[in-house]
Amino acid sequence: MQLEQLRQLVVETLSDMKARDVNVMDVRGKTAITDYMVVASGTSDRHVKAIAETVAFRSKEAGETPLGTEGVAEGEWALVDLNGVVVHVMLPKVRDFYNLERLWSAPAAEPMMASSAV
């Protein structure tokens, strides 16, 4: 599955599951761990769990087995790692506290040049 198709599958699944405030961030050039970070909110811990489980299930069904999931059992912040797309589903209070959108919207740092000692 192509990266853009996977991103679209995730967005459609989040919409189908009634996730709130979905934000897709292109983080290429900012990190080597993924191309897209997707952040969404659930209305309760059960909703967060159901959203994350459904994203993982539909991705696997489409031929993209998640590399891993975290936090699904607790339901405050669940992560689904699909390699090129990393999905974070959180309760609103957790999302406000960590503010991932602000973190990943910061400009990419310029590579540091080694200074030569004279």
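Scope of the values below: all heavy atoms of this structure, side chains included, with no hydrogens, waters or symmetry mates.
Considering all non-hydrogen atoms of both residues, Gly42 and Val48 come closest at CA-CG2, 3.9 Å. A pairwise comparison of heavy atoms in His47 and Thr43 identifies ND1-N, 2.9 Å as the closest pair. Considering every non-hydrogen atom in both Ala52 and Val72, the closest pair reads CB-CG2, 4.1 Å. A pairwise comparison of heavy atoms in Ile51 and Met17 identifies CG1-CB, 3.9 Å as the closest pair. Summarising the geometry of Leu91 relative to Gly75, their closest heavy-atom pair is CG-O, 4.0 Å, with the distance given to 0.1 Å. Of all heavy-atom pairs between Leu82 and Leu6, the closest is O-CD2, 3.7 Å.
Note that the CG atom of Leu3 and the OH atom of Tyr36 stand 5.5 Å from one another [nearest 0.5 Å]. Separating the CG atom in Asp96 from the CG atom in Leu100 is a distance of 11.0 Å, to the nearest 0.5 Å. With rounding to the nearest 0.5 Å, the separation of OG1 in Thr34 from CH2 in Trp104 is 9.0 Å. The distance from atom CZ of Arg7 to atom CD of Glu12, rounded to the nearest 0.5 Å, is 10.0 Å.
A donor-acceptor pair is defined here as one N or O able to donate and one able to accept, closer than 3.5 Å; such a pair exists between the side chain of Thr13 and the backbone of Leu9. Checked by atom type and distance alone, the side chain of Arg95 pairs as donor or acceptor with a backbone atom of Asp21 at under 3.5 Å.
Transitive grouping of hydrophobic side chains (ILVMFWY, heavy atoms separated by less than 4.5 Å) brings Met37 and Tyr98 into a common cluster. Met90 and Leu103 fall within a single hydrophobic cluster, where Ile, Leu, Val, Met, Phe, Trp and Tyr side chains are chained together by heavy-atom contacts under 4.5 Å. Residues Val11 and Met1 are members of one and the same hydrophobic cluster, defined by side-chain heavy-atom contacts under 4.5 angstrom among Ile, Leu, Val, Met, Phe, Trp and Tyr.
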Given side chain to side chain donor-acceptor pair (under 3.5 Å), test Glu4 with Gln8 step by step and report yes or no. CA-CA 6 Å; Glu4 297 304 320; Gln8 188 61 36; over 6 Å; no
Stepwise side chain to side chain contact (heavy atoms under 4.5 Å, CB included) check, Val24 with Val10: CA-CA 10 Å; Val24 178; Val10 166; over 6 Å; no
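No more than 12 heavy-atom neighbours from other residues, nucleotides or ligands sit within 6.0 angstrom of CZ on Arg20.
Here the rule is side-chain contact (heavy atoms from CB on, under 4.5 Å) with Val80, and of Leu67, Val87, Val86 only Val87 fits it.
Sorted by first then second residue, the side chain to side chain donor-acceptor pair (under 3.5 Å) pairs that include residues 60-78, not counting sequence neighbours, are Trp77-His88.
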